[in-house]
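Predicted, not measured: the structure shown is a model, and the values here were computed from it. Heavy atoms only: backbone and side chains are in, while hydrogens, waters and symmetry mates are out. The sequence lines fix the lettering, A, B, ..., with proteins before strands; numbering per chain opens at 1.
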Amino acid sequence: MSEHPHEPLHYVAPMWMYITVFLSLLVLTGLTVFAAQHDLGVMNTPVALAIATVKASLVILFFMHVFHSTRLTWVVIIASFLWLGVLFVLTFADYLTRTWGLQ
Amino acid sequence: MSDAPLHGDEHEHHPFLQHHFEDMGQQHEASTLGMWMFLATEILFFGGLFLAYAVYRTTYEQAWVAGAQLQNLKLGTINTAVLISSSLTMALAVHYAQLGRRLATFYCLVGTLLLGSGFLIIKGIEYHAHFVEGLLPGPYFTWHGPMAPKVELFMTFYFSMTGLHALHMIIGAGLLVWFMWRTWRGHFGPEYFSPVEIMGLYWHFVDIVWIFLFPLLYLIGRHA
């Protein structure tokens, strides 16, 4: 069991980290419900999605321990969201421009 | 080396160390990476539904607002809190497995299962209300509000997305029962907690899907 070449097995996060993230997620849930009931003009959906993205990032970084994971794990995660972005951008590049030049 | 006794070649192996890995650290890294590869496919799996939702939302914006108003905001909010709480107990199960606290791990898994089941029961109550109101798309769609055919399309997305999400929850609940059994048998500890960590990755992923479903299906046009 001695002098193995790899990193120490794991990082054990302190309990307060889990509680802080949990409470932040609850507060953000309340905030998104509160914001949805106010007229923010065109900003309602962007605000809701921004809060959801912050919540998802908290879960990924801290509950899923990505903050302390290897660079290779980061590459896989960033790449998967990059592909999701390609899916959305190319599809909407089609749908949002279909009527251009027809009016 | 040939006359060495079983498991006694150089040093004592952990019983759960697969022979193709150098040590438990390398095995843990490989398992986590593999799980993230799987989650990448899951992100694109759900991504297709989110994409179709977005395309039709930009096409039938008013019907999407009308459809979201039909959702029970109170139950949806409570369910979001329930699912976030289940993510906390799941994260704590991993935490206690890392520390080798078998019973604490077990009880956190039980808590996760109870909260996950609570989520599914509340979802079931919502589904039942939709059936009664004639909002189930297809031959039983009897709702007669404005833009009914387009609201029916919204409800198709609602049931597809929450249904696929609920299916993931049910699979997760089954996995939790298996992990409770393995924890009870004392399989996990500071040297070997990768399976609990990976179970956690799955559970948190399902939580993240809901974190996006909630505003997209319940919160549109609430200020009107």
Side-chain angles (χ1 to χ4, degrees), chain A residues 1-2 4-15 17-19 21-23 25-26 28-30 32-33 35-40 44-45 47-49 51-53 55-57 59-60 62-66 69-70 72-74 76-77 79-81 83-84 87-88 91-92 94-96, chain B residues 11-12 14 22-26 28-29 32-33 36-37 39-44 47-48 50-52 54-55 57-59 73 76-77 80-81 84-85 87-88 90-92 94-95 98-99 190-191 193 197 200-201 203-205 207-208 211-216 218-224:
Chain A
M1 284 291 185
S2 58
H4 43 71
H6 294 279
E7 306 261 308
L9 247 184
H10 55 270
Y11 164 81
V12 179
M15 178 63 81
M17 184 277 275
Y18 291 107
I19 304 297
V21 171
F22 169 66
L23 293 177
L25 289 171
L26 286 186
L28 287 166
T29 302
T32 195
V33 173
Q37 285 162 340
H38 292 76
D39 192 355
L40 308 176
N44 272 103
T45 301
V47 165
L49 286 178
I51 293 174
T53 305
K55 286 168 76 181
S57 306
V59 174
I60 291 173
F62 300 108
F63 278 4
M64 296 168 101
H65 301 149
V66 169
S69 72
T70 59
L72 193 55
T73 311
W74 281 78
V76 171
I77 297 163
S80 53
F81 283 107
W83 282 114
L84 189 66
L87 186 70
F88 271 78
T91 306
F92 276 98
D94 174 5
Y95 274 97
L96 295 180
Chain B
H11 50 252
E12 203 58 42
H14 191 282
E22 290 276 334
D23 53 46
M24 297 305 277
Q26 188 195 39
H28 178 77
E29 257 180 59
T32 314
L33 186 67
W36 272 106
M37 292 277 186
L39 291 184
T41 71
E42 287 272 275
I43 288 168
L44 292 173
F50 278 101
L51 176 72
V55 166
R57 178 169 164 180
T58 52
T59 316
L73 182 57
T77 308
T80 306
I84 287 172
S85 307
S87 255
L88 174 69
M90 185 68 237
L92 292 182
V94 178
H95 178 73
Q98 286 179 326
L99 299 176
E191 287 283 308
F193 63 92
E197 169 95 11
L201 291 181
W203 194 264
H204 298 311
F205 167 79
D207 186 20
I208 289 169
I211 283 173
F212 282 99
L213 285 181
F214 174 60
L216 292 176
Y218 290 78
L219 295 181
I220 317 168
R222 284 286 172 187
H223 52 82

Which pair of non-hydrogen atoms, one from [X] and one from [Y], has the smallest distance, and what is that distance?
X	Y	answer
A:Phe88	B:Phe50	CZ-C, 3.8 Å
A:Ala56	B:Phe212	CB-CE1, 3.7 Å
B:His95	A:Tyr18	ND1-CE1, 3.6 Å

Considering only heavy atoms, which portion of [X] lies under 4.5 Å from any heavy atom of chain B: side chain, backbone, both, or neither?
X	value
A:Thr53	both
A:Val66	side chain
A:Phe62	neither
A:Asn44	side chain
A:Thr91	side chain
A:Tyr95	side chain
A:Ala13	backbone

Among [options], residue most engaged with chain B (heavy-atom pairs, under 4.5 Å):
options	value
A:Thr32, A:Ile77, A:Ile60, A:Thr45	A:Ile77
A:Asp39, A:Leu84, A:Leu72	A:Asp39
A:Phe81, A:Phe92, A:Trp83	A:Phe92

What part of [X] is in contact with chain A, defined as an atom under 4.5 angstrom from a non-hydrogen atom: side chain, backbone, both or neither?
X	value
B:Leu216	side chain
B:Thr80	side chain
B:Leu201	both
B:Thr41	neither

Beyond-backbone contact of [X] with [Y], side-chain heavy atoms, under 4.5 angstrom:
X	Y	result
B:Trp36	A:Met64	yes
A:Val33	B:Tyr218	no
B:Thr32	A:His65	no

Would you mind telling me which of [options] has the largest number of heavy-atom pairs within less than 4.5 Å of chain A?
options	answer
B:Ile43, B:Leu92, B:Thr59	B:Ile43
B:Gly48, B:Gly200, B:Ser87	B:Ser87
B:Ala81, B:Pro215, B:Ala54	B:Ala54

Quick one: pull up [atom1] in [X] and [atom2] in [Y] and give me the separation to the nearest 0.5 Å.
X	Y	atom1	atom2	answer
A:Thr73	B:Leu33	OG1	CG	5.0 Å
A:Ile19	B:Leu88	CD1	CG	5.0 Å
A:Ser80	B:Leu39	OG	CG	8.5 Å

Exercise for the section: Please step through side-chain contact (heavy atoms from CB on, under 4.5 Å) for the pair A:Val12 and B:Leu99, ending with a clear verdict. Expected result: CA-CA 8 Å; A:Val12 179; B:Leu99 299 176; 3.8 Å; yes
Practice task
If the plane angle is over 60° it's perpendicular, under 30° parallel, otherwise tilted; pick one for A:Phe63 and B:His204.
Solution key: tilted
Problem - Intermediate values then yes/no, side-chain contact (heavy atoms from CB on, under 4.5 Å), B:His223 and A:Leu40 - result: CA-CA 8 Å; B:His223 52 82; A:Leu40 308 176; over 6 Å; no
